[in-house]
Amino acid sequence: MMDRKVDTESIADMMRKTLLKIGEDPTREGLVRTPDRAEKALRFLTSGYQMDVASIVNGALFSEKCDEMVVVKDIEFFSLCEHHLLPFFGKMHVAYLPKDKVIGLSKIPRIVDMFARRLQVQERMTRDIAQTLREVLDPRGVGVICEARHFCMMMRGVEKQHSGTVTSSMLGAFRNRKETRDEFLSLVSQRNHPFY
Ligand SMILES: [Zn+2]
């Protein structure tokens, strides 16, 4: 049974208990404000739960007869893995092939942040971003590639510090037409700098 008292406890209160549990002294100078800072940080890192697509996209959809691929690559993101609550971070490459609508380019990184600032698994985040763009734009296709490194792999367990994880979600023309997919992949692989 959940104690009702536990429900009213703040995140900072729980952090204080966590510090005790790991053998620390939460009253020492360096830690005394840490629970409050940690709560603030966690609230920011999960602020995507309070965001919604409609208010991000609001007013930034334009009717445009455009049949060229739109690509926004190297979008930095920082997220938290839902299995360990440890950061994973990397780059997202997003492309779509418009039908009759385009979206303000700055909105795409904001959609990425909305999903990244939640507890995530990389595969689901990649798919959710692709599906959101499909719903908003009704395009001929969407492609999303996510390259990430996970602290839960780098710092613990297998300790593979240089391995990256790549996930992708290809919808519509990006799934059905090899030509479209290849164009996206070649645009993404033209790099000014190597990945990490
Ligand atoms: Zn993890």
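Atoms within a ligand are numbered from 1 in the order they appear, just like the ligands themselves. All values derive from a computational prediction rather than experimental measurement.
The list of side-chain hydrogen bond (donor to acceptor under 3.5 Å, both in side chains) pairs with a residue in residues 40-51, not counting sequence neighbours, reads Glu39-Arg43.
By the side-chain contact (heavy atoms from CB on, under 4.5 Å) test, Thr167 is found to be paired with Gln122, Glu123, Thr126, Cys146, residues two or more places apart in sequence or in another chain being considered. Under the side chain to side chain donor-acceptor pair (under 3.5 Å) criterion, Asp100 pairs with no residue at all, not counting sequence neighbours.
Residues Met15 and Arg37 fail the side-chain proximity criterion, which asks for heavy atoms closer than 4.5 Å.
Figure legend: cation-pi geometry between Arg118 and Phe115, with NZ or CZ positioned under 6.0 Å from the six-membered ring centre and within 45° of its axis.
Checked against the 6.0 Å centroid threshold, Phe88 and Phe151 do not count as a close aromatic pair.
Protein atoms of type N/O/S that fall under 2.8 Å from the Zn ion (ligand 1) number 3 in this view.
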